[in-house]
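Have a look at the structure below, then the notes.
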Amino acid sequence: QVQLVESGGGLVQAGGSLRLSCAISGRISRITAITAMGWYRQAPGKQRELVAGITSNGRTNYVDSVKGRFTISRDNAKNTVYLQMISLKPEDTAVYYCNANAYWGTDWGQGTQVTVSS
């Protein structure tokens, strides 16, 4: 229903920072129907986990392991959701996925790789 394209991943040393972006496209009626956006991550051999979420009126939520280090935000004018990540740790290494929740269900992006070296 909407298309999500992540960008901003890469290789960074422990303690470094990255900002991930999720560009949202599609019918305006679909984009405006999104009730929540989220960032998930999946490491090899691990289940996909919710890292951060943001509702349409700005409420945010984070998994405990990233609280104080990651910040989710959205720019409605640009139809973009961001995940600012600081103080990155090797344990943050994963493919990060953007998702959108609406009445039709959930849409996913293709993912962007984040690799944190020690």
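These numbers come from the heavy atoms of this one structure, side chains and all, not from hydrogens, waters or symmetry mates.
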Please table the atom pairs, donor to acceptor, closer than 3.5 Å between any side-chain atom in residues 11-26 and protein atoms at least two apart or in another chain.
none

Side chain to side chain, [X] and [Y], heavy atoms closer than 4.5 Å:
X      : Y      : value
Met85  : Val66  : no
Glu49  : Arg41  : yes
Trp104 : Arg30  : yes
Glu6   : Gln110 : yes

Next on the checklist: Just verifying a value: how many Å separate Trp108 CH2 and Tyr97 OH, rounded to the nearest 0.5 Å?
Outcome noted: 9.0 Å
Checklist outcome for this item: dist Met37:CE -> Ser73:OG (nearest 0.5 Å) comes out at 11.5 Å
Next on the checklist: Using the rule given for side chain to side chain donor-acceptor pair (under 3.5 Å), can you reason through Thr106 versus Asn101, listing the C-alpha separation, both sets of side-chain angles and the distance that settles it, and then say yes or no?
Outcome noted: CA-CA 5 Å; Thr106 303; Asn101 300 100; 2.8 Å; yes
Item to check | Residue list, side-chain hydrogen bond (donor to acceptor under 3.5 Å, both in side chains) with Asn57, at least two apart or on another chain | outcome: Thr55
Checklist entry - What pairs of residues pass the side chain to side chain donor-acceptor pair (under 3.5 Å) test when at least one of them lies in residues 77-90, not counting sequence neighbours? => result none
Is a side-chain donor or acceptor of [X] paired with a backbone partner of [Y] at a separation under 3.5 angstrom?
X      : Y      : result
Asn99  : Gly38  : yes
Asp107 : Val2   : yes
Tyr62  : Ile72  : yes
Thr93  : Thr115 : no

Next on the checklist: Quick one, Glu91 with Val116, criterion side-chain contact (heavy atoms from CB on, under 4.5 Å). Give me CA distance, side-chain angles, the key distance, then yes/no.
Outcome noted: CA-CA 8 Å; Glu91 307 94 272; Val116 184; over 6 Å; no
Item to check | side-chain contact (heavy atoms from CB on, under 4.5 Å) evaluation trace for Tyr40 with Val51 | outcome: CA-CA 5 Å; Tyr40 287 70; Val51 177; 5.6 Å; no
Item to check | Between Phe70 and Trp39, ring centroids under 6.0 Å | outcome: no
Indicate the atoms forming the closest heavy-atom contact of [X] with [Y], along with that distance.
X     : Y      : answer
Leu4  : Ala100 : CD1-N, 3.6 Å
Ala33 : Tyr103 : CB-CE2, 3.7 Å
Val95 : Gly111 : CG1-CA, 3.8 Å

